[in-house]
Amino acid sequence: MNDSISATFLVENTAFGPNVRGEHGLAFWIETGDSRVMFDTGPGPEVLIHNAATLGIDLKATDAVVLSHGHYDHTGGLVEVLRQAGDIPLFLHPGALLRRYSKSKTGDVREIGPPAEADESTLKAMSSSVTFTREPTSVRDGIWVTGQVPRWTEYEDTGGAFFLDSACEKPDPIEDDQTVFFDTRDGTVVLLGCCHAGVVNTLRYIQELTKGRSIHAVLGGTHLISASPDRMDRTVQELQAMQIDLMAPAHCTGARAQARVANEFPDSWTPCHVGTRFEFVRSGHPTPA
């Protein structure tokens, strides 16, 4: 087994490199010596394809796709990735295919679910297998997805006005929210899609799954963009207690939360954008049973 594993931001809100493009969404390219896994696919194929070509990433080499949840900014490029990669496995919570809606402060309603063409029958026809991940599931080569995350804290919420109906009468708990993680020599690395389950809930759950293994790095969307001062204070306290070595919050974190994390964790916070690549040394530490 190759002893390295890397995670590259392929789609993210910001881009600071030659010829790469930023847009509201997220996609990770996870690469080991034996596997190439796509975690989320951004809001559509155009920027995803462009950034992949610019960064020298071959979408046809994708071995598996994992979805964090069923919002458009994480699922828009899914059909294109499956089309290019051929018969590869897809991992998603069953709730990821629901129709979803959001409501702005001014009362405007918009649909925010996956693209219409990404329905269950199409995905099953395009994938070698579709695995619905309610529970922790091995993706391949030491890469895991949490499945549905327990909601333990009373101060964390989904982070917005999300609904399961266009009349916005049925709140969406976003139960499909899930996270990718893998073990390294220095501890667990966690890749967050949007973390609608709450970053503290998510990290606590991963530590439970890994029998208390320390968390080395947390990368990706934390959905703290609309967090209250109390939620931010308590989140910072929890993160401090976890003594995380590397934090790269992105996408839906929000400018104020980014600034707070950078200020509170000057030795571990790092900026990230399209093209940012993190490399880790793997270990043989046991993974969840």
Side-chain angles (χ1 to χ4, degrees), residues 1-9 12 26 28-37 39-40 66 68 91 133 135-150 152-153 156 177-195 197-224 234-251 253 257-258 260-262 264-272 276-289:
M1 181 179 71
N2 189 284
D3 64 355
S4 68
I5 184 168
S6 65
T8 301
F9 281 86
E12 207 275 319
L26 196 68
F28 282 103
W29 181 255
I30 309 167
E31 188 168 0
T32 73
D34 305 313
S35 302
R36 289 155 183 82
V37 174
F39 179 40
D40 285 344
V66 184
S68 65
F91 298 82
T133 51
E135 305 294 334
T137 303
S138 173
V139 177
R140 60 182 296 140
D141 208 16
I143 300 167
W144 285 75
V145 63
T146 58
Q148 193 165 325
V149 175
W152 290 316
T153 62
E156 292 185 294
D177 183 88
Q178 56 183 0
T179 292
V180 162
F181 64 101
F182 50 83
D183 188 60
T184 75
R185 179 185 60 189
D186 299 307
T188 306
V189 171
V190 179
L191 306 183
L192 304 172
C194 253
C195 220
V199 64
V200 174
N201 283 330
T202 300
L203 297 181
R204 282 183 183 176
Y205 185 48
I206 289 172
Q207 286 197 301
E208 179 180 284
L209 294 176
T210 58
K211 298 178 175 59
R213 182 90 161 124
S214 64
I215 293 176
H216 172 56
V218 177
L219 319 174
T222 63
H223 221 289
L224 292 169
R234 297 174 77 171
T235 298
V236 166
Q237 291 170 6
E238 289 279 357
L239 294 176
Q240 287 172 335
M242 291 180 186
Q243 298 183 314
I244 299 164
D245 300 313
L246 173 65
M247 286 190 280
H251 178 44
T253 298
Q258 280 276 19
R260 177 74 184 274
V261 174
E264 296 281 358
F265 304 94
D267 297 327
S268 56
W269 177 84
T270 186
C272 56
T276 304
R277 182 175 184 269
F278 296 91
E279 188 162 347
F280 307 96
V281 178
R282 299 206 289 175
S283 78
H285 195 274
T287 50

J.: Please report the interatomic distance CG(L246) to CD1(I215), rounded to the nearest 0.5 Å.
T.: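 Between L246 CG and I215 CD1, I get 12.5 Å after rounding to 0.5 Å.
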J.: Taking all atoms of both residues into account, what is the closest heavy-atom pair of V261 and P249, and its distance?
T.: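 Scanning both residues, the minimum pair turns out to be CG1-CG, 4.3 Å.
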J.: Among all residues two or more places apart in sequence or in another chain, which pass the ring-ring contact (aromatic ring centres under 6.0 Å, His included) test with F265?
T.: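 None.
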J.: So do the side chains of F278 and L219 get within less than 4.5 Å of each other, counting heavy atoms only?
T.: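 In short, these two side chains touch, coming nearer than 4.5 Å.
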J.: How far does OG of S68 sit from CG of L191, to the nearest 0.5 angstrom?
T.: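 It comes to 10.5 Å.
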J.: By salt bridge (charged side-chain N to carboxylate O under 4.0 Å, His left out), which residues pair with R140, not counting sequence neighbours?
T.: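 With sequence neighbours excluded, R140 shows a salt bridge (charged side-chain N to carboxylate O under 4.0 Å, His left out) to no residue whatsoever.
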J.: Can any side-chain N or O of D177 pair as donor or acceptor with the backbone N or O of C195 at less than 3.5 Å?
T.: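 Looks like yes, one N/O pair under 3.5 Å.
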J.: Say you draw a straight line from OG1 of T188 to CZ of R213; how long is it, rounded to the nearest 0.5 Å?
T.: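 Between T188 OG1 and R213 CZ, I get 6.0 Å after rounding to 0.5 Å.
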J.: If you measure from OG on S4 to CZ on F280, what distance do you get to the nearest 0.5 Å?
T.: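 S4 atom OG to F280 atom CZ measures 11.0 Å (nearest 0.5 Å).
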J.: Got a list of side-chain donor-acceptor pairs under 3.5 Å for residues 235-244, not counting sequence neighbours?
T.:
| residue | atom | partner | partner atom | Å |
| --- | --- | --- | --- | --- |
| T235 | OG1 | R231 | O | 2.8 |
| E238 | OE2 | R204 | NH2 | 2.5 |

J.: Using modelled atom types and a 3.5 Å cut-off, is there a donor and acceptor pairing between side-chain atoms of T137 and backbone atoms of E135?
T.: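 Judged by distance alone, yes, a pair lies under 3.5 Å.
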J.: Can you tell me if E12 uses its side chain to pair, donor with acceptor, with the backbone of H251 under 3.5 Å?
T.: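 Side chain of E12 to backbone of H251, a donor-acceptor pair under 3.5 Å: yes, one is there.
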J.: In sequence, state the C-alpha distance, the side-chain angles, and the governing distance for W269 and E264, and then conclude on side chain to side chain donor-acceptor pair (under 3.5 Å).
T.: CA-CA 9 Å; W269 177 84; E264 296 281 358; over 6 Å; no
J.: What's the shortest heavy-atom distance between T202 and A197, and which atoms?
T.: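 Shortest heavy-atom contact: OG1-CB, 4.1 Å.
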J.: Apply side-chain contact (heavy atoms from CB on, under 4.5 Å) to T184 and V281, showing your working.
T.: CA-CA 5 Å; T184 75; V281 178; 5.9 Å; no
J.: Just verifying a value: how many Å separate I143 CD1 and I5 CD1, rounded to the nearest 0.5 Å?
T.: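 Between atom CD1 of I143 and atom CD1 of I5 there are 4.0 Å.
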J.: Please evaluate residues T146 and T179 with respect to the criterion side chain to side chain donor-acceptor pair (under 3.5 Å), reporting the C-alpha separation (whole Å), side-chain torsions for both, the decisive distance (0.1 Å), and the verdict.
T.: CA-CA 5 Å; T146 58; T179 292; 4.8 Å; no
J.: What is the minimum heavy-atom distance between V145 and V66, and which atoms define it?
T.: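 Nearest heavy atoms, V145 then V66: CG2-CG1, 3.8 Å.
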J.: I would like to know whether W29 and R277 meet side-chain contact (heavy atoms from CB on, under 4.5 Å); could you show each step before the answer?
T.: CA-CA 9 Å; W29 181 255; R277 182 175 184 269; over 6 Å; no
J.: Considering non-hydrogen atoms only, spot the tightest contact between G193 and L26 and give its length.
T.: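 Residues G193 and L26, closest heavy atoms: O-CD2, 3.3 Å.
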J.: Taking the side chain from D183 and the backbone from G142, do they hold a donor-acceptor pair closer than 3.5 Å?
T.: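 Between the backbone of G142 and the side chain of D183 there is no qualifying donor-acceptor contact (under 3.5 Å).
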J.: Let me see the working for V200 and W152 under side-chain contact (heavy atoms from CB on, under 4.5 Å), right down to the final yes or no.
T.: CA-CA 9 Å; V200 174; W152 290 316; over 6 Å; no
J.: Which atom names give the shortest non-hydrogen contact between F9 and A248, and what distance separates them?
T.: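 Heavy atoms only, the tightest pair is CZ-O, 4.3 Å.
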J.: Roughly how far, to the nearest 0.5 Å, is SG of C272 from CE of M247?
T.: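 Going from the CE atom of M247 to the SG atom of C272 covers 12.0 Å.
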J.: Where do L209 and W144 land on the side-chain contact (heavy atoms from CB on, under 4.5 Å) test, with the steps shown first?
T.: CA-CA 11 Å; L209 294 176; W144 285 75; over 6 Å; no
J.: Indicate the atoms forming the closest heavy-atom contact of D141 with S35, along with that distance.
T.: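 Shortest heavy-atom separation between D141 and S35 comes out as CB-OG, 3.3 Å.
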J.: Evaluate the side-chain proximity of T210 to F181: yes if any heavy-atom separation is below 4.5 Å, no if none is.
T.: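 Of all side-chain heavy-atom pairs linking T210 with F181, at least one is under 4.5 Å.
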